[in-house]
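This report concerns only the one structure given below.
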Amino acid sequence: MTDTSGTTAAAQDPRGRILDSFLALLAERPFERIGLNDVATRADVSLVELRAAFGSTFDMLSTFIRDVDRKVLVGVASEGDEAMAEQPARDRLFDVLMRRMDVLAPHKAALGSLARSARGNPFFALALNKLAVRSAQWMLAAAKIDTAGLKGAARAQGLALVYGRTLRTFLHDDDPGLAKTMSTIDRELSKGERALGLLDSFCVLATCGGRRRERPAPAPEPEAPAAA
């Protein structure tokens, strides 16, 4: 007998279909041009169903980012703590960020659309930064790095900046091994280590974690581009 429970569950809870439709629209047009009716039509749901699932298009975006967080955490948990407990905190954080890039790989077009919208709307950029900082707290926790108090908040904001700079490279990195992305992460973590003392604090406070892949050899730091 055919098991239709998965199909039935999907029909009863259209959240996944709605979210996929929202991301498809985001890959095609700016965030500010995606209306609720657009999402409902693409997902083939009524506005009643859409409202039951999400409060707004920004809620859909927040849910997508939360789902990415969850997938990264699942991947870290599946690897286990003991196998990589001896690794330095910087390497653990490198691994977590690369896991995140792996999860985001199918969504580059949508991420590029968000980046363009943020460049044209500072208020939207601030809202995205808030989501990024919240995600950064979870990524720090996944790397077994303390997130408590003001120091934890500063670390999360610092990591959000590292993540944002990495995304600029990631969006144009067509190498299946993401060599340019790995190099950018390594360089940005080095900047945090030298300029902010961020990674020094990580090493004191971290207790366990791991990495999946080797960091690239340090490359000469490029000259800073002229301000636009």
Side-chain angles (χ1 to χ4, degrees), residues 7 9-75 97-139 156-157 159-176 178 180-181 184-185 188 225 227-228:
T7 303
Q12 291 176 343
D13 182 9
R15 286 174 62 87
R17 188 166 76 255
I18 292 170
L19 197 56
D20 287 345
S21 298
F22 166 72
L23 291 170
L25 286 166
L26 186 57
E28 298 170 2
R29 66 181 78 166
F31 176 84
E32 59 272 18
R33 288 179 49 204
I34 300 174
L36 295 172
N37 279 307
D38 298 326
V39 180
T41 299
R42 178 68 67 96
D44 193 23
V45 298
S46 68
L47 285 177
V48 174
E49 292 173 298
L50 187 68
R51 183 61 185 89
F54 295 100
S56 65
T57 52
F58 194 81
D59 186 21
M60 297 171 203
L61 176 58
S62 179
T63 298
F64 165 64
I65 294 174
R66 186 167 62 247
D67 285 351
V68 171
D69 294 343
R70 181 186 56 78
K71 290 175 181 177
V72 174
L73 295 172
V74 167
L97 289 174
M98 284 307 302
R99 287 179 185 274
R100 192 173 188 89
M101 297 303 120
D102 289 342
V103 173
L104 290 172
H107 305 293
K108 282 188 176 183
L111 293 172
S113 176
L114 284 175
R116 290 188 292 273
S117 291
R119 286 195 294 270
N121 186 335
F123 294 104
F124 184 57
L126 287 173
L128 288 181
N129 180 70
K130 184 176 180 179
L131 294 181
V133 170
R134 185 171 65 190
S135 284
Q137 290 175 321
W138 288 103
M139 299 304 97
Q157 180 61 76
L159 182 58
L161 292 173
V162 168
Y163 173 65
R165 290 166 184 155
T166 299
L167 276 182
R168 296 173 197 167
T169 300
F170 171 71
L171 291 176
H172 302 285
D173 190 353
D174 296 325
D175 178 7
L178 296 178
K180 292 180 181 178
T181 300
T184 298
I185 293 176
E188 292 300 329

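Any value given below was found using the heavy atoms of this structure, including those in side chains, with hydrogens, waters and symmetry copies removed. Predicted model, so just to flag it, every value in this text is computed and none were measured.
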If we only count heavy atoms from C-beta on, is the Thr184 to Asp173 side-chain gap below 4.5 Å? no
Gap between atom CG of Leu159 and atom CD of Gln137 - 0.5 Å precision: 10.0 Å
Between the CZ atom in Phe58 and the CG atom in Leu131, the distance rounded to the nearest 0.5 Å is 4.0 Å
Nearest-0.5 Å distance that lies between atom CG in Leu128 and atom CZ in Phe123: 14.0 Å
Sub-4.5 Å side-chain heavy-atom contact between Arg116 and Pro30: no
Atom pair CZ/CD1 of Phe22 and Ile34 - distance to nearest 0.5 Å: 5.0 Å
Measure the spacing between CZ of Phe170 and CD1 of Ile185 and express it to the nearest 0.5 Å. 9.5 Å
Do Arg70 and Trp138 have side-chain heavy atoms sitting under 4.5 Å apart? no
Going by an N to O cut-off under 4.0 Å, is there a salt bridge joining Arg42 and Glu28? yes
Check: Ser62/Arg134 side-chain N/O donor and acceptor closer than 3.5 Å: yes
Are any non-hydrogen side-chain atoms of Ile65 and Val68 less than 4.5 angstrom apart? no
Report yes or no: does Arg99 contribute a side-chain atom to a donor-acceptor pair with the main-chain N or O of Gly75 at less than 3.5 Å? yes
Heavy atoms, side chains only, cut-off 4.5 Å: are Leu61 and Leu114 in contact? yes
Of Leu23, Thr63, Asp44, Val45, the residue whose pairing with Ile18 passes side-chain contact (heavy atoms from CB on, under 4.5 Å): Val45
As an exercise, state the distance from CZ of Phe124 to CZ of Arg119, rounded to the nearest 0.5 Å. 12.0 Å
Using modelled atom types and a 3.5 Å cut-off, is there a donor and acceptor pairing between side-chain atoms of Lys180 and backbone atoms of His172? no
Under a 3.5 Å distance rule, please check whether Arg17 uses its side chain to pair with a backbone N or O of Ala43 as donor and acceptor. yes
Residue pair Thr57 / Asp38, side-chain heavy-atom distance below 4.5 Å: no
Without swapping roles, check the side chain of Ser113 against the backbone of Leu26 for a donor-acceptor pair under 3.5 Å. yes
Side chains of Asn121 and Glu32 in contact at under 4.5 Å (non-hydrogen atoms): no
How about Tyr163 and Met139: do any of their side-chain heavy atoms sit closer than 4.5 Å? no
Taking everything shown except Arg29 itself, do over 12 heavy atoms lie less than 6.0 Å from its CZ? yes
Taking all non-hydrogen atoms of both residues into account, name the closest pair between Val72 and Arg100 and its distance. CG2-CA, 3.7 Å
Note: Ser21 and Val39 closest approach over all heavy atoms is CB-O, 4.3 Å
